There are 2 protein chains.
Amino acid sequence: MKKSDRTRQDILDATASSLATAGYTATTVKSIAETIGMQDASIYYHFSSKDELVGEVLDIGTARAVTAVDQALAELPDEHDPREALRVAIMAHAEAVLGGGDYPRANVRTFGQLPPDLTQRHRQGHRNYGHIWTRLIDDGVESGAFRGDLNRSVARLIIIGALCWAIEWFDAGEEVSAAEVGEHVFQMVVNGLSVGEQESRTVSA
Amino acid sequence: MKKSDRTRQDILDATASSLATAGYTATTVKSIAETIGMQDASIYYHFSSKDELVGEVLDIGTARAVTAVDQALAELPDEHDPREALRVAIMAHAEAVLGGGDYPRANVRTFGQLPPDLTQRHRQGHRNYGHIWTRLIDDGVESGAFRGDLNRSVARLIIIGALCWAIEWFDAGEEVSAAEVGEHVFQMVVNGLSVGEQESRTVSA
DNA sequence: GATTAAATCTAGTACGCACTAGAAAAGTCA
DNA sequence: TGACTTTTCTAGTGCGTACTAGATTTAATC
């Protein structure tokens, strides 16, 4: 029973790594088997199909991202600035997706490439993740720290978008770290690029 | 010679539409042929390969996006606020990618799904597009309108990321318009979510 | 209306993919 | 060691893909 668990884990790791870097289509059962020195048919002793395997990887990915953000928020003092809450959430997400392992990255990387079944399967997970951010923004607006003239759903999606798109150009080991990306997203989204005055603050919507 | 040009255009349109909604892998030569009522083999009279066809669609897409942004910037008065320049560029991009046709959307949608050849082929185009935004940010920083304590490349990619990711959730005809998305991105990225003071303005990087 | 050129179709090939069946090997424990 | 179970391999199937060759139809020209 030990051997099986270990190779099963190897398969999951190899799949996560491939999904994170090559995407869904380029991640073939054969290529997964090769990276761990197996025949492709052997994969099916541990998983009944490619999509079940991929689905499990994505489940782990969302779970890790949610845990990372939840944990970061839980470590905040009871009385905290909503800006600080949004900041630690952004940092946790950036670390998980850019600095962290392949699993959360696999999630973001394969977004929009998955077959309908898998997309459907992870809908609820994504929705739950979105709720975390909705709450952060709502808290800020209600406490008066954040502007109330913006659509909160759109604001949420813009923050997540800025973070998620980063994996398309982010290269670990380059001159920019995951923490720096997070810091920049926070600064731009909360404080803005503009200095001082901000006379252009009017939204037609 | 007329007939050929017309069907050629039909093929391009159908491909752009499919790429924009279904992505690269799900866009098969057969499915393209079906939507315009042809046999898949007939496609090869007009294009030598799938990737040449896709490449042409993507070329048109980048060209349209660049044109849209350039044109919007050209219509600005000679003396203008750098914030206003960034604003019209963001709005033009949002309109082109979200409100506009399938061609620019195909570009964004298939980003990260393309085979290496095609990715390579469009590298320069993407780089040129990035330069437009780099210049907008540089102008703002040099004129003192934008903060100088942020990495400009990262700032640029965050803006583009927020805009590009929007197509993953944006649905034309829903309650949010392309213009509203653009307006929100501008507001958040230039003015920030936060109200007033902004005491949290320090970057460790 | 006959001749030529352009455009499309029919019928296939080759290949990579996910996946299966059953034999072989490796591991487990008396 | 020997009997049994777990794990992996060999060898294959069927399907969808991009793509090709040559016949056939449609359009243009004189």
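Below, chains carry the letters A, B, ... as their sequence lines are ordered, and counting in each starts from 1. Everything quoted here is computed from the prediction, not taken from an experiment.
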To the nearest angstrom, the CZ-C1' distance between A:R8 and D:dT6 comes to 15 Å
Rounded to whole Å, the OH-P distance (A:Y44 to D:dG12) equals 19 Å
Inset, instruction - Decide if the gap between the ring center of B:Y129 and the ring center of B:H93 is smaller than 6.0 angstrom. - result: yes
When B:G37 and A:D40 are each assigned the nearest nucleotide of DNA chain C, the 5'-most assignment goes to B:G37
Testing C:dA6, C:dA18, C:dC9 for proximity to the side chain of A:K50, the answer is C:dA18
When rounded to whole Å, the CD1 to P distance for the pair A:I43 and D:dT6 reads 20 Å
Rounded to whole Å, the CZ-P distance (B:F47 to C:dT8) equals 12 Å
OG1 of A:T62 to OH of A:Y103, rounded to nearest 0.5 Å, is 12.5 Å
Against the side chain of B:S4, the closest entry in C:dC9, C:dA7, D:dA11 is C:dA7
ask   = Do the side chains of A:T27 and A:T110 get nearer than 4.5 Å, heavy atoms only?
value = no
- Message: For A:Q71, I'd like to know if atom CD has over 12 heavy atoms of other residues, nucleotides or ligands within 6.0 Å.
- Response: no
Query raised in the report: Under 4.0 angstrom, heavy atoms only, what part of the nucleic acid is A:T28 near: base, sugar-phosphate, or nothing?
Result: sugar-phosphate
| Quick one: is D:dT7 close enough that its OP1 or OP2 comes under 4.0 Å of any side-chain N or O from A:Y45? | yes
In whole angstroms, the gap separating C1' of C:dC19 from CD of A:Q39 amounts to 14 Å
From CG of B:D10 across to P of C:dA7 the rounded distance in Å is 13 Å
Atom CD of B:E34 and atom C1' of C:dT8 are separated, to the nearest Å, by 16 Å
The reported gap from CG in B:L163 to CD1 in A:I158 (rounded to nearest 0.5 angstrom) is 8.0 Å
If only side-chain N and O atoms of A:H46 are considered, is one of them under 4.0 Å from the OP1 or OP2 phosphate oxygen of D:dT8?
yes
From CD of B:E52 across to P of D:dT20 the rounded distance in Å is 12 Å
- Item | Phosphate OP1/OP2 of D:dT7: any A:S42 side-chain N/O under 4.0 Å | no
Closest of D:dT10, C:dA18, D:dA18 to the A:A41 side chain is D:dT10
